[in-house]
Amino acid sequence: MTATDPSAASFVVLQVGERQFAIHADRVSELAPPVRLHTFPHTTPLLAGVIVRRGRIVPVYDVGPVLLGRPAPSHRFYLVARREFGAESEPSAIPVNGDCELANAVPEPPPADSHPYVSAKIEVGATRLEVLDLESLLSAAPAEAQP
Amino acid sequence: MKIAAQESSKFRRALRSEPVILFTVSNFTFAIAAGAVQEIRSTDSLAGSATEIDQHEVPKVRHSFERAHRTYFVVDAATHFHLPASRPSLVLILRQVRAAVLVDRIERMADISSVYPVPRGFVGDERRWYRGLIYLDDRVLPIVQPSGFLTADEFTLLDRLVSASGQSDLALAGKPEGWVPR
């Protein structure tokens, strides 16, 4: 299977901490600079606060506890992606550490023992990456964390 | 949840604005509609009239006081918002709810023209705590929901405890839990 395979799709490769993951490109809105994080008390796991981006209030999710087993280290950008809520969607930001890149790859079913937030596996160069299912990831409790 | 572009101050005045009080608790700033606050008093001035409630079911409430023949419950905002203990110096006596809220200090008053919904990603207690978010002076602040400080069940429990301790509030009979007329 190659990137020219008709079953290939576009993915954004992102880095959280020292690990790389992928997200379907059609879910990604933009890569935003590290603008000010506004915080206020709440009890929702993973939510770090909100940023204001393009005139919208965007919740920021620290996915480090789920993906790395600890809070993500300091970040360079926010990856803003659409999170679905029934028929509506909401922009949601994930702090990422490095540049994100676009890759075409053929998604393969994840191994049976994969975490619920892994929807597929792809091969980018010599690296096999987990494709993240945004809804499962962002609604996961940190207790599910398994680096 | 789109934030309106910066309007001129003249145009902004023409919009229907709402006065809010900005207050701080444990270094966090919150807003509350000015119309939801009946009175702001120092904690010292309340000390003489407040009665301690010996209970552990609602840890954020340690005191009550009588006002216009009704029992008001004093809510520690730091405990309510799961924040570190603070040194409250003021108490906001709410207008439509039989609650008074201990806060650290008043920052200032402001006029707001929009309240944005809390993003759907927030699914915890904050959905009850906050009426929404406001964007003020390059800050996003939560605007509190006055009825979110105590639930109907908490009012029922606290009323029962106060009543059992001999502070029965007969004036409340037949009234919705926690509510006082304007």
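For the numbers below, each heavy atom of this structure counts, side chains included, while hydrogens, waters and symmetry mates do not. We name chains A, B, ... by the order of the sequence lines, and we start the count at 1 in each one.
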Do the ring planes of A:His115 and A:Tyr117 sit parallel (below 30°), tilted (30 to 60°) or perpendicular (above 60°)? parallel
Got a donor-acceptor contact below 3.5 angstrom from the A:Arg70 side chain to the A:Pro65 backbone? no
Using a strict 4.0 Å threshold on nitrogen-to-oxygen distance, state whether B:Asp54 and B:Arg62 make a salt bridge. no
Which residue out of A:Leu138, A:Ile51, A:Thr39 racks up the most heavy-atom pairs below 4.5 Å with chain B? A:Thr39
A:Thr127: partners by side chain to side chain contact (heavy atoms under 4.5 Å, CB included), with sequence neighbours left out: A:Leu129
Can you name the residues of residues 78-85 of chain A that have some heavy atom under 4.5 Å away from a heavy atom in chain B? A:Arg83, A:Phe85
For chain A, which residues of residues 80-90 of chain B have heavy atoms nearer than 4.5 angstrom: B:Phe81, B:His82, B:Leu83
After noting the C-alpha distance and the side-chain angles of A:Val35 and A:Val52, does the key distance pass the side chain to side chain contact (heavy atoms under 4.5 Å, CB included) rule? CA-CA 8 Å; A:Val35 293; A:Val52 178; over 6 Å; no
Got a donor-acceptor contact below 3.5 angstrom from the A:Arg76 side chain to the A:Val96 backbone? no
Could you verify whether a donor N or O on one side chain and an acceptor N or O on the other, from B:Asp104 and B:Thr24, lie under 3.5 Å apart? no
What are the two closest non-hydrogen atoms of B:Leu94 and B:Pro146, and how far apart are they? CD1-O, 4.0 Å
Answer with side chain, backbone, both or neither: which region of A:Leu47 has an atom nearer than 4.5 Å to a non-hydrogen atom of chain B? side chain
Supply the members, apart from B:Val115, of the Ile/Leu/Val/Met/Phe/Trp/Tyr cluster built from side-chain contacts under 4.5 Å; use none for a lone residue. B:Val20, B:Leu22, B:Ile112, B:Ile134, B:Leu136, B:Leu141, B:Ile143
Heavy-atom distance under 4.5 Å to chain A: side chain of B:Phe122, backbone, both or neither? both
Test item: B:Thr156 side-chain N/O and B:Ala152 main-chain N/O as donor-acceptor pair under 3.5 Å: yes
Enter the distance from B:Ser49:OG to B:Arg67:CZ here, rounded to the nearest 0.5 Å. 9.5 Å
